[in-house]
Asker: 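Quick one: the structure is below, questions incoming.
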Amino acid sequence: MSFLEQIKQRRTIYAIGKNVALTQDQLEAIIKDVVRNSPSAFNSQTSRVVTLYGESHTKFWNIVRETLRKLVPEGAFDATNAKIDSFAAGYGTVLFFEDQDKVKSLQEQFPLYAEHFPAWSEHSTGIAQFALWTALAERHIGASLQHYNPVIDHEVAKTFALPENWKLRAQLVFGSIEASAGEKTFMDNAERFKKFD
Ligand SMILES: Cc1cc2nc3c(=O)[nH]c(=O)nc-3n(C[C@H](O)[C@H](O)[C@H](O)COP(=O)(O)O)c2cc1C
């Protein structure tokens with residue numbers, strides 16, 4: 001499959017299950033390859049990644065559930081709970097972090113670009129997220145990108161003993177594809193692209 005075809009194949013898949021043919025070792029190899037080979041400003045490699053499987057994956061989604069139980073109005077919690085169940089039904093969760101100590105040290109090292117490093121760090125994690133999402137899709141693994149940070153950050157860092165300077169940016173929850181993605185609409189190219197010759 002060409003790279004363009006892979007990009008087109010990547011979609012948000014909400015109906016995910018545990019029927020994944022790849023082993024954890026195979027998945028880890030893909031995750032490491034993708035993140036290591038994703039670009040970062042000045043090759044600063046600010047992205048940090050934690051992958052949760054099995055009980056750790058369940059534990060993570062229970063942290064999200066219990067955190068939201070305190071925040072979501074009671075009447076609305078059933079829908080939230082069902083959504084969290086659908087993520088917990090997946091095979092694993094990739095947590096994307098950005099190392100804030102590294103960002104700060106880059107700002108000190110390169111004062112001329114200091115104000116840009118936080119944004120460049122955000123770009124880097126986005127690139128890595130997209131690349132991994134696409135690489136998983138190539139292996140017929142479905143995923144969706146979630147953002148329960150920052151309300152879960154402290155509990156997640158404590159539970160998995162992660163450095164507090166690792167700032168959680170996104171959660172890519174993945175598993176077997178149990179139902180295909182919904183239809184996607186596209187805005188008019190004319191409103192989006194310009195070309196000058
Ligand atoms: C930066 C970014 C943030 C997103 N945040 C969420 C999110 O918090 N929850 C969610 O269910 N989907 C999230 N999505 C998925 C988008 O809704 C989805 O990519 C978009 O509707 C296009 O659909 P597709 O992924 O199937 O191409 C996010 C996507 C991006 C790129």
Side-chain angles (χ1 to χ4, degrees), residues 1-17 20 30-31 34-35 38-41 46-52 57 60-73 76-98 100 103 116 118-156 166-189 191-193:
M1 205 191 289
S2 74
F3 182 54
L4 259 181
E5 284 164 344
Q6 289 175 30
I7 288 176
K8 288 178 186 168
Q9 184 183 270
R10 182 222 52 82
R11 292 294 313 280
T12 291
I13 306 290
Y14 288 118
I16 51 173
V20 169
I30 293 169
I31 292 162
V34 165
V35 175
S38 293
S40 58
T46 47
S47 297
R48 306 286 177 263
V49 169
V50 174
T51 308
L52 306 171
H57 164 80
F60 172 80
W61 288 106
N62 280 334
I63 291 172
V64 176
R65 192 190 313 278
E66 295 316 315
T67 305
L68 293 185
R69 198 190 296 279
K70 292 176 209 143
L71 298 174
V72 174
F77 188 70
D78 280 357
T80 302
N81 204 25
K83 202 167 157 188
I84 293 165
D85 281 345
S86 75
F87 299 139
Y91 186 69
T93 307
V94 182
L95 309 181
F96 284 90
F97 299 83
E98 285 292 297
Q100 298 308 296
V103 174
H116 298 295
W120 288 342
S121 154
E122 295 296 307
H123 297 177
S124 299
T125 183
I127 288 168
Q129 291 163 28
F130 170 72
L132 182 58
W133 197 348
T134 307
L136 292 177
E138 189 205 3
R139 302 301 183 100
H140 306 290
I141 293 172
S144 77
L145 193 64
Q146 302 302 320
H147 297 88
Y148 289 102
N149 48 293
V151 288
I152 59 169
D153 289 13
H154 181 67
E155 197 58 30
V156 170
W166 288 20
K167 186 175 177 189
L168 183 58
R169 308 313 296 132
Q171 306 86 51
L172 189 69
V173 57
F174 65 89
S176 47
I177 300 175
E178 302 300 327
S180 33
E183 190 155 340
K184 184 170 170 175
T185 55
F186 293 89
M187 64 185 284
D188 223 352
N189 277 350
E191 292 170 30
R192 222 177 160 183
F193 302 101

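All ligand and atom numbering here is 1-based and tracks the order in the structure. Start at 1 with the first residue, then count along the sequence.
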Asker: Taking atom CG of L172 and atom CG of L132, what is their separation to the nearest 0.5 Å?
Answerer: 5.5 Å
Asker: Can any side-chain N or O of E155 pair as donor or acceptor with the backbone N or O of D153 at less than 3.5 Å?
Answerer: no
Asker: Shortest non-hydrogen contact from R11 to E183?
Answerer: NH2-C, 4.2 Å
Asker: Calculate, to the nearest 0.5 Å, the distance between atoms CD and CZ belonging to E66 and R69 respectively.
Answerer: 4.0 Å
Asker: At a 4.0 angstrom heavy-atom cut-off, what protein residues surround ligand 1?
Answerer: R10, R11, T12, Y14, W133, L145, Q146, H147, K184
Asker: Please step through side chain to side chain donor-acceptor pair (under 3.5 Å) for the pair T134 and E138, ending with a clear verdict.
Answerer: CA-CA 6 Å; T134 307; E138 189 205 3; over 6 Å; no
Asker: Assess the side chains of R192 and N189: does a donor N or O sit below 3.5 Å from an acceptor N or O?
Answerer: no
